[in-house]
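In what follows, a single structure is set out as structure tokens and then discussed.
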Amino acid sequence: MGRPNEEVEALLQEYADLIAITGGDAFKARAYEKAARAIGGYPADVSHLDIKGLREIPGVGKSIADKVTEYLRTGTVTVVEERRAAIPAGVRELITIPTLGPKKALTLYEDLHISSVNELADAIQAGELEGLKGFGRKTEENILHGIALMQRAGGRILLHIAMDSAEDIVAELSRVTGCRRCAYAGSLRRMKETIGDIDVLVAADRSRPFMDALSELPSTGEVIAHGEKKTSIRTVKGVQVDLRVLPPGSWGAGLQYFTGSKAHNIRTRTIAIRQGLKLSEYGLFEADGGKAVASRTEEEVYARLGLPWIPPALREDRGEIEAGLRGELPEVVTERDVRGDLHTHTDLTDGLAPLEEMVAAAAGRGYAYYAVTDHAPNLYMQRMTDEKILAQRERLRALDGTRHRMRLLHGTELNIGPDGEVDWPDDFLEGFDLCVASVHSHFHLGREAMTRRLVRACENPHVNVIGHPTTRIIGKRPGIDADWDEVFAACARTGTALEVNAQPDRLDLGDEDILRARRHGVKFAVDTDAHSVLHLAYLRYGVGTAQRGWLTADDVVNTWPLPRLRRFLSKGRSS
DNA sequence: GCCGTTTTCGGCCCGACTGTTTTCAGTCG
């Protein structure tokens, strides 16, 4: 069930929330938040650290180190339990609603005894908030909107949460005697941005040991169904997992069937029918007589249907069948193609790790190049100055080439102001190897103004990548409104790449927008926007999203060799 | 609660925006 670091991070974050809700010292709450984040992003396993080791983590002092130790030893922390007893869990849930923070949550709880999102929605509908101090009509609207946004995610979970659970379960089941194959399928394998439930497949002659093993995992909270062919459980984190055990001979057909999507499978089954065949999770059979013709591998099943093997990320019935039949399936970009990350942070701004550690971790991933792009001054809270970024450049140049010959690029993440302006003048920007530029404020300009703003940013001769272009946060904040076709055209015209931001709660651009942008001839940068060493591994989600957008390596500038990338970054200026 | 051009306690990411106020509190990035 996740790394101990994540458990501790969640616990400390919860404690911070509880302090905030109960009106405790805001700085104390922030101290816990900071420590939570630092522990979550800390490379070493906290359960292997003693008090001294824990206190070496930035933001962790005596008190927090003691609480972490208490948690690791006993599984609980007394003071956290006390606060939990005082505040129902549902009250904490309230602050996950955008625009609703700890103060309003406490008012709702104390004055109206509201302790869940549903109760709040009902109370607003019933007009019970009228007259409550600080809650006007507009606030009610915003809250209802926030709740709707949350519910639209429909209990679906983010990709990386599902992936962590799925990989744990696959690892566990793979150890069970008799396991021939084990893998996750479904929307997770297709790398959809949110996941409803996790499908796990096992190939084995006997199903019982696997059904039992899943039911008995420590991460299993509740067994929903326990049968011969299928077992469903809910993890302690509330994620539903469906396990199916297939005869080894049916592995390929089963994997194909349970990977979906439904729309893709309808197409493959229709093709089978037209050829006098029948396709099911057990194999491809002759319609009359039922003789099996293919089932061992996915390749075999697709081949018998006259199709090449189709990468799971493409299986959405968005033209992949037709392209496959024509032999024009794109060779989608893979993680191996990526030569470097072009958007990353260090502890000079809001990253957790120092420059040297991020660079060492990047080198460990085998990158040919790596860009450091800390925040620029207009994101005031980061307190960037000319002196600080230039000093970082010195440090970076000194490190350049010392790590497996990986080349370092010095960049920055600029802020795109409401009129499309950025933080520094041209002559200062000239000194960077590349500039990412992103929207961090003024999310509610009108469509026209927003479009003009983004186009102007593209036209800046120093802006190379538009970071997280829509600024959406999945399940929390919709993307900004702009005439995207016009923005995409501007990107193509000016040689500005669009980012596919790999943070699992962003995945921005998303697959649909990528497909649209690609038609304009835009180039892309698949970046992690890493704020810690661990985030560098999020690249896989960005690549998955890029694949869902049908991108090839040629579409993605950070798969290119460095000289070609540098030419792109010069935007036509003589360098 | 953590941290320190620091040894003992004061400052802690700072500014903008929104909505509810009528001078400001709460939330967000």
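All chains are named by letter (A, B, ...) in the order of the sequence lines, taking the proteins before the strands, and each is independently numbered beginning at 1.
Across all strands, A:H444 comes closer than 4.0 Å to no nucleic acid atom at all (heavy-atom distances).
Of the charged side-chain nitrogens involved, at least one lies within less than 4.0 Å of a carboxylate oxygen, so that A:R397 and A:D433 count as a salt-bridged pair. Looking at A:E193 and A:R472, a side-chain N of the basic residue comes within less than 4.0 Å of a carboxylate O on the acidic one, giving a salt bridge.
The aromatic rings of A:Y541 and A:Y538 are tilted relative to each other, their planes meeting at an angle between 30° and 60°. Ring orientation note: the planes of A:F432 and A:F428 are nearly perpendicular, at an angle over 60° on the 30°/60° scale.
Nucleotides B:dT20 and B:dG10 are separated by 33 Å at their C1' atoms, to the nearest Å. Distance check on atom P: B:dC17 versus B:dG11 gives 28 Å, rounded to whole Å. Comparing the same atom, P, in B:dC28 and in B:dT23 gives a spacing of 26 Å after rounding to whole Å. The same atom, C1', is picked in B:dG29 and in B:dT21; the two are 24 Å apart, to the nearest Å. Spacing of P atoms, B:dC13 relative to B:dG4, comes out at 12 Å, to the nearest Å. Rounded to the nearest Å, the gap between the P atom of B:dC12 and that of B:dT5 is 14 Å. With C1' as the reference atom, B:dG1 and B:dT8 are 15 Å apart, rounded to whole Å.
The side-chain tip of A:R516 does not point at the ring of A:F488 from less than 6.0 angstrom away and within 45° of straight on.
If you measure from atom CG of A:N378 to atom C1' of B:dA16, you get 13 Å, rounded to the nearest angstrom. Between the CD atom of A:E33 and the C1' atom of B:dC13 there is a distance of 12 Å, rounded to whole Å. Atom CD1 of A:I143 and atom P of B:dT18 are 17 Å apart (whole Å).
In this structure B:dG15 sits in a base pair with B:dC28, meeting the Watson-Crick or G-U test at under 3.5 Å.
Remark: A:M450 CE to A:W484 CH2 distance equals 8.0 Å, nearest 0.5 Å.
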(message) So if I define the base as every atom that isn't primed, P, OP1 or OP2, how would nucleotides 1-7 of chain B read as a B/S/- string at a heavy-atom cutoff under 4.0 Å?
(response) BSS----
(message) Please encode protein proximity along nucleotides 19-29 of chain B as a string of B, S and -, counting only heavy-atom distances under 4.0 Å.
(response) SSS----SSSB
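Ring centroid separation for the pair A:H345 and A:H343 comes in under the 6.0 Å cut-off.
A donor atom on one side chain and an acceptor atom on the other are not found under 3.5 Å apart for A:K476 and A:T96. With 3.5 Å as the limit, one finds a donor-acceptor pair spanning the side chains of A:H520 and A:D485.
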